Amino acid sequence: MLIEQKNLEKINIIAFQNDLITWFKNEQRDLPWRKDQDPYKVWVSEIMLQQTRVDTVIPYFNRFIEWFPTIEDLAEAEEDKVLKAWEGLGYYSRVRNLQSAVKEVQEKYNGEVPNTPEEISSLKGVGPYTAGAILSIAYGIPEPAVDGNVMRVISRVLSIWDDIAKPSSRKVFEKAVRTLISHEDPSSFNQALMELGALICTPTSPSCLLCPVRDHCHAFFEGVQNELPIKTKKTKTRDVQLAAAILLDDNGKMLIHKRPASGLLANLWEFPNVELHHSLQNEREQVVDLFKQNLTLEIDLKKIIGQIEHVFSHLVWNLNVYTGKIHSGFQENEEWKLVSFEEMEKFAFPVSAQKMLKLYLEHIKK
DNA sequence: AAACCGGGGCG
DNA sequence: CGCCCAGGTTT
């Protein structure tokens, strides 16, 4: 028999639920998405919280709900404004999927977030975790909501040594949560597991002496809480050399470019750039050629005003930033625009472009 | 199953 | 500097 099944049978489930939920009700943080159980707000918060810390999310959540208070508001909003609301949060496909799903809820479900696992899971961007979170928190339905926090907590409580980096391991934890979850208060139960993971059962140096479920925890009994969970994945980043330019026309407007609708930073705006596949001699002249060949852009390039490093999960951009001029006959279109400094506020830029703009502003101030 | 998709904070 | 974070989609 599997270890987790044996350990699961040893847990006093009622006492575990009571200890966990009582702690949560006394110690939970006061967070803006906990003020009510509006399924839409729960949904927005859960999407924002994917791979993003609570402290980062709070101001974004408040502004997002101000701009788009209801499903109808978000469904009808311009995508550019939606991306602007997400600017700086990262993983921009999250919000494009969210708006797509909200439109489907508006049309297919009369604006009401569905409350069955099958229907809600079919929505764009709603996977097993988010489905369980919305169903339990907004609707009180006892579905597991297994995220990284929950896998860490459960791996310790039940001494589960499966590699949580493997997609197949999630099923093990979902099965355990289905056995443990409170049917009287699944909302508090799921949130308590995550809150415990955030505040007590932390990745490094968990505060076991403060833990409300220490008496139920097999890892604590065995003294292996610091060895769990098992997580193997290693990160390998690839370096990419880029040349980018702040290009001005005769009126002092800057040239910006809309990225493609799929892939990295989809549909966000950037300053024109080219990839440098080899380390170049006479780089400046060759960059002018690359702009002409790759972007059909006739430019007059000045010197490098600085270098920027921007780190993604699996990628590092090394940007050589130039200034230059664009020919006066340039024709704008959907993909290329000339904008004043004030007009830039309407467009959503990734942080890498914001770093470039900051560099440029410091450059011209001198 | 593995790769892809951002950005910030912390020890 | 490496690791982590209230994951999901695509290949």
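All chains are named by letter (A, B, ...) in the order of the sequence lines, taking the proteins before the strands, and each is independently numbered beginning at 1. In what follows, every heavy atom counts, from backbone to side chain, and hydrogens, waters and symmetry copies are set aside. Predicted model only: the values in this text are computed from it and were never measured.
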Query raised in the report: Using the C1' atom in both, what is the distance from B:dG11 to C:dA6, to the nearest Å?
Result: 22 Å
Query raised in the report: For the side chain of A:Met194, counting heavy atoms from C-beta on, which of C:dT9, C:dA6, C:dG7 is nearest?
Result: C:dA6
Query raised in the report: In terms of side-chain heavy atoms of A:Val54, which of B:dA1, B:dC5, C:dA6 is nearest?
Result: C:dA6
Report task. For residues A:Phe312 and A:His310, establish whether the separation of their ring centroids is below 6.0 Å. Result -> yes
Query raised in the report: Can you tell me how far C1' of B:dA1 sits from CG of A:Asp163, to the nearest Å?
Result: 12 Å
Query raised in the report: More 5' along DNA chain B: A:Arg238 or A:Pro167, using each one's nearest nucleotide?
Result: A:Pro167
Query raised in the report: Would A:Lys103 and A:Glu76 pass as an ion pair if we require N to O under 4.0 Å?
Result: no
Query - Distance, rounded to the nearest Å, where A:Arg34 contributes CZ and C:dA6 contributes P - result: 11 Å
Requested in this report: May I ask you to check whether A:Trp33 and A:Phe61 place their ring centers less than 6.0 Å from one another?
Outcome: yes
Requested in this report: Consider the side chain of A:Arg53, meaning its heavy atoms from C-beta on, and name the nucleotide among B:dG9, C:dG7, B:dA1 that approaches it most closely.
Outcome: B:dG9
Query raised in the report: Would one find a side-chain N or O of A:His310 under 4.0 angstrom from OP1 or OP2 of B:dG7?
Result: yes
Report task. Starting from P on B:dG8, measure out to CZ on A:Phe312 and report it in whole angstrom. Result -> 11 Å
Requested in this report: Take atom CD1 of A:Ile47 and atom P of C:dG7, then tell me their distance rounded to the nearest Å.
Outcome: 10 Å
Query - Length of the CG-C1' vector between A:Asp147 and C:dG8, whole Å - result: 13 Å
Query raised in the report: When all nucleic acid strands are considered with a 4.0 Å heavy-atom cut-off, which category describes A:Leu89: base, sugar-phosphate, or nothing?
Result: base
Requested in this report: Between C:dG8, B:dG7, C:dA6, spot the one nearest the side chain of A:Pro350, thanks.
Outcome: B:dG7
Query - Proximity to the side chain of A:Lys231 - top-ranked nucleotide from C:dA6, C:dC4, C:dG7 - result: C:dC4
Requested in this report: Give a yes/no on whether any side-chain N or O of A:Lys124 is located under 4.0 angstrom from OP1 or OP2 of C:dT10.
Outcome: yes
Query - Over-ring placement of A:Lys81 relative to A:Trp67, 6.0 Å and 45° cut-offs - result: yes
Requested in this report: Answer yes or no: side-chain N or O of A:Thr56 and base N or O of B:dG7 forming a donor-acceptor pair under 3.5 Å.
Outcome: no
Query raised in the report: Can a donor-acceptor pair be found between the side chains of A:Ser45 and A:Arg34 at a distance below 3.5 Å?
Result: no
**Report entry** Crowding at CZ, A:Phe341 (>12 non-hydrogen neighbours, <6.0 Å)
**Finding:** no
Query raised in the report: Counting only heavy atoms not in A:Gln354, do more than 12 fall under 6.0 Å of its CD?
Result: yes
Query raised in the report: Where the side chain of A:Pro203 is defined as all heavy atoms beyond and including C-beta, which of C:dG7, C:dC4, C:dA6 is the nearest nucleotide?
Result: C:dC4
Query - side-chain N/O A:Gln50 vs C:dA6 OP1/OP2, d < 4.0 Å - result: no
Query raised in the report: Is any side-chain N of the basic residue among A:Glu87 and A:Lys84 closer than 4.0 Å to the acidic one's carboxylate O?
Result: yes
Report task. Quick one: label A:Thr130 by what it contacts on the DNA or RNA (base, sugar-phosphate, nothing), any heavy atom closer than 4.0 Å. Result -> sugar-phosphate
Query - Length of the line joining A:Leu264:CG and C:dG8:C1', which is rounded to integer Å - result: 16 Å
**Report entry** P spacing across the pair B:dG6 / C:dT10, given as an integer number of angstrom
**Finding:** 14 Å
Query raised in the report: Is the phosphate of B:dG8, meaning OP1 or OP2, less than 4.0 Å from a side-chain N or O of A:Thr52?
Result: no
**Report entry** Interatomic distance, A:Tyr60 OH vs C:dC5 P [rounded to whole Å]
**Finding:** 21 Å
Requested in this report: Using a 4.0 Å heavy-atom cut-off across all strands, classify A:Gly197 as base, sugar-phosphate, or nothing.
Outcome: nothing
Query raised in the report: Base, sugar-phosphate alone, or nothing: which one does A:Tyr129 contact when heavy atoms must sit under 4.0 Å apart?
Result: base
Requested in this report: Looking only at side-chain atoms of A:Glu46, point me to the closest of C:dA6, B:dC4, C:dG8.
Outcome: C:dA6
Query raised in the report: Looking only at atom C1', what distance separates B:dC5 and C:dC5, rounded to whole Å?
Result: 15 Å
Requested in this report: Kindly point out which of C:dC4, C:dG8, B:dG6 is positioned nearest to the side chain of A:Arg152?
Outcome: C:dC4
Query - Between B:dG7 (P) and A:Gln354 (CD): distance, integer Å - result: 8 Å
Report task. Could you check whether A:Trp317 gets within reach of a base, just the sugar-phosphate, or nothing at all, counting any heavy atom under 4.0 Å? Result -> nothing
Report task. Look at the side chain of A:Asn149 and decide which nucleotide, out of C:dG7, B:dG8, C:dA6, has an atom nearest to it. Result -> C:dA6
Report task. Give a yes/no on whether any side-chain N or O of A:Tyr91 is located under 4.0 angstrom from OP1 or OP2 of B:dC4. Result -> no
Report summary line: Of the candidates B:dA1, B:dC4, C:dG8, the side chain of A:His314 sits closest to B:dC4
Query raised in the report: NA contact type, A:Arg259, heavy-atom cut-off 4.0 Å: base, sugar-phosphate, or nothing?
Result: nothing
